[in-house]
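Please read the structure below before turning to the comments.
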Amino acid sequence: MIKLVGVTKRLGGQPVLRGVDLVIPPGKLTTIIGRSGEGKSVLLKHIIGLMQPDEGEVWIDGIDIARLRGQALNEIRKRFAMLFQGAALFDSLTVFENVAFPLREKFRLKGADVTRRVEEKLEQVGLSGMGHKFPAELSGGMRKRAGLARALVMEPEIMLFDEPTTGLDPLMAKSIHDLITSMQRKLGFTAVMVSHEIPEIFGISDYVAMLKEGRIALMAESREFQQTDDPDIREFISVGGTIPWPAIDPAG
Amino acid sequence: MVMMLEQFGRWVLNLVSEMGRMLIFVLSAFAWLMRPPLRVAQIVKQVHFIGYKSMFVVVLTAAFTGMVLALQGYYTLRKFGSEGLLGSAVALSMIRELGPVLAALMVTARAGSAMTAEIGIMRITEQIDALDTMAVNPLQYLIAPKLVAGLIGVPLLVAIFDVVGIYGGHLVGVELLGVNAGSYWNAIESAVEWKDVYGGILKSVSFGLIVSWICTYKGFYTKMSAEGLGTATTEAVVLSSVLILIWDYFLTSVLL
Ligand SMILES: Nc1ncnc2c1ncn2[C@@H]1O[C@H](COP(=O)(O)OP(=O)(O)OP(=O)(O)O)[C@@H](O)[C@H]1O
Ligand SMILES: [Mg+2]
């Protein structure tokens, strides 16, 4: 279980997180929504220990990683995989080598085993035959999908997705959402996703949390979340959707 | 007055903490190098990178440095009727001083700045964070191979610089100004001692470390902004050049 307690963080002199309390249920897909620049990416980086909170605690299954350093932190990170907002592919490696990288470096796999798993993942994100290209030769959406393949290939216990579908056409976005949910059902990992895809996320997420003014304004089951009577949150989740609120039913 | 003191104090504090951070950076990179896996392929790639980027400018500057040394040396030595010593004058200045210093400055300008930019881009585009999340230590994967490559690559380039420079001197001294070829080479053989060569190697190895250390450090701590990368590259080139010259003075005064 992931649990954040009173996490605060200032960046560049500005307060970004001002006391985030959040419990993320294991084996479920939790989506974090919120306005641009609100600190969603910063929040994800706290969960995986790339950023340390100024105050507060970040618990991963009974270990507070907020004060953890070096090898101990590395051990915790072996259970994670993350898709970065900008994909963060290695420029000097081809797409194939990028996706193979965690298999070779993290799991010390070799040869045909690597090739098979990489090619399977590339096909699932719709990039088969693109393995020989370098990241600079791909479109933004293709880079995102390559980054997704690199994260999914690790089959970790905890997956963090920072806007997996931003910059993709609606059909591709739908197939990526389907891929994430089917992988999540199959492997049972805990997934935390940051997304602007309202209302689609209500259909695929188990839980939705809204980050507002540096705090979690609301965290609830997807269906419950849509029935909130907080006017600001209602406004936020109804502007994006073309389907009038509250027509989305996560069960259907 | 108090304000000036305060500012000076802050400046000194910043300087000391930055130096501390730089020391920890290089020491942990070498510590990570000792742990398996040893990234031989990465090291070879980086030596190639340094050599490939710098070879052309090194050969060009070496040739012209040797040529101008011969020209200057010839007219000075002729006043004393000792043109025959031209070879030793060229070779000693090359091996002891100009070879290591100029080659290291050229490497800084070409390969060093490229190193800073490469690592800086990886920082800004979160590739270094991605390494971290895959439990691969960036110091081991990214920095240590570059440090080793600096230690290997710069001495090799200095050796090339010395040889090309001495032939450049030969071209001007012997072919152009008519110094006897035999006496040019004889003077080199009798004047250059092993001590000079060792000194040159010691200098080039330490310059190699300075270039790769400063340039990787500045790239690694690039600030997350548009100007960040430009600032980092400029600072890397300036600091590494200045340190090369200062360190050169200290080494020379110890070695002489
Ligand atoms: N490394 C950093 N240094 C300084 N400030 C930062 C850093 N990272 C993020 N910030 C600041 O923190 C705030 C939150 O950024 P963050 O990237 O988390 O927003 P976000 O919610 O993910 O937005 P978006 O939806 O546009 O991706 C921003 O004001 C940003 O400028
Ligand atoms: Mg973001």
Side-chain angles (χ1 to χ4, degrees), chain A residues 11-12 41-42 44-52 65 68-93 97-108 110 135-136 140 143 146-148 150-151 153-154 156 158-162, chain B residues 24-25 27-29 31-32 34-46 48-49 52-53 111 114-146 149 216 219-220 222-229:
Chain A
L11 281 167
S41 301
V42 168
L44 278 193
K45 285 180 188 167
H46 278 80
I47 296 176
I48 197 171
L50 282 174
M51 285 186 176
Q52 261 95 27
I65 66 161
L68 231 48
R69 297 282 188 284
Q71 199 55 43
L73 186 56
N74 243 6
E75 283 307 311
I76 297 279
R77 281 195 186 133
K78 291 202 169 139
R79 304 170 48 193
F80 280 89
M82 175 162 179
L83 165 64
F84 285 81
Q85 190 166 353
L89 297 174
F90 303 121
D91 302 321
S92 55
L93 303 180
E97 288 165 335
N98 261 288
V99 180
F101 189 90
L103 296 178
R104 289 174 176 153
E105 294 293 335
K106 201 166 162 178
F107 304 118
R108 308 250 155 260
K110 284 202 178 67
R143 273 200 285 269
L148 182 65
R150 187 177 69 178
V153 81
M154 288 185 248
I158 306 166
M159 280 278 331
L160 310 180
F161 305 98
D162 199 341
Chain B
I24 292 170
F25 175 80
L27 290 181
S28 14
W32 274 103
M34 298 302 147
R35 295 193 204 180
L38 184 64
R39 301 188 180 271
V40 180
Q42 286 285 333
I43 294 174
V44 172
K45 203 165 132 191
Q46 292 303 323
H48 172 259
F49 174 83
Y52 172 80
K53 282 266 175 203
M115 244 186 233
T116 309
E118 183 197 330
I119 299 173
I121 287 173
M122 292 187 73
R123 167 64 72 197
I124 292 174
T125 57
E126 299 178 320
Q127 294 176 50
I128 293 181
D129 287 338
L131 279 176
D132 264 322
T133 63
M134 289 182 229
V136 173
N137 187 291
L139 290 179
Q140 183 185 40
Y141 182 77
L142 207 59
I143 306 299
K146 292 194 183 350
T216 52
F220 200 73
T222 298
K223 299 264 177 335
M224 288 286 218
S225 66
E227 321 90 87
L229 195 62

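Bear in mind the structure is a predicted one, so any value in this text is a computation, not a measurement. Proteins come first, then strands; the chains are lettered A, B, ... in the order of their sequence lines, and each starts at number 1.
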What part of A:L89 gets closer than 4.5 Å to chain B, counting heavy atoms only: side chain, backbone, both or neither?
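The backbone, not the side chain.
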I'd like to know which of [options] tops the heavy-atom pair count under 4.5 Å against chain B.
{"options": "A:R150, A:Q85, A:M154", "result": "A:R150"}
{"options": "A:F101, A:F80, A:F90", "result": "A:F90"}
{"options": "A:P156, A:S92, A:A81, A:A88", "result": "A:A88"}
{"options": "A:G12, A:A87, A:P102, A:G86", "result": "A:P102"}

So how far is it from [X] [atom1] to [Y] [atom2], rounded to the nearest 0.5 Å?
{"X": "B:T133", "Y": "A:K45", "atom1": "OG1", "atom2": "NZ", "value": "11.0 Å"}
{"X": "A:N74", "Y": "B:N137", "atom1": "CG", "atom2": "CG", "value": "7.0 Å"}
{"X": "B:Q140", "Y": "A:E105", "atom1": "CD", "atom2": "CD", "value": "8.5 Å"}

With only heavy atoms counted, which part of B:L131 is less than 4.5 Å from chain A, the side chain, the backbone, both or neither?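 Both parts, backbone and side chain.
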Item to check | Choice from B:M122, B:E126, B:E118 maximising heavy atom contacts with chain A below 4.5 Å | outcome: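 Option with the greatest count: B:E126.
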* **Closest non-hydrogen atom pair between B:D132 and A:R77, with its separation** =>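 So the minimum-distance heavy-atom pair works out to O-CD, 3.3 Å.
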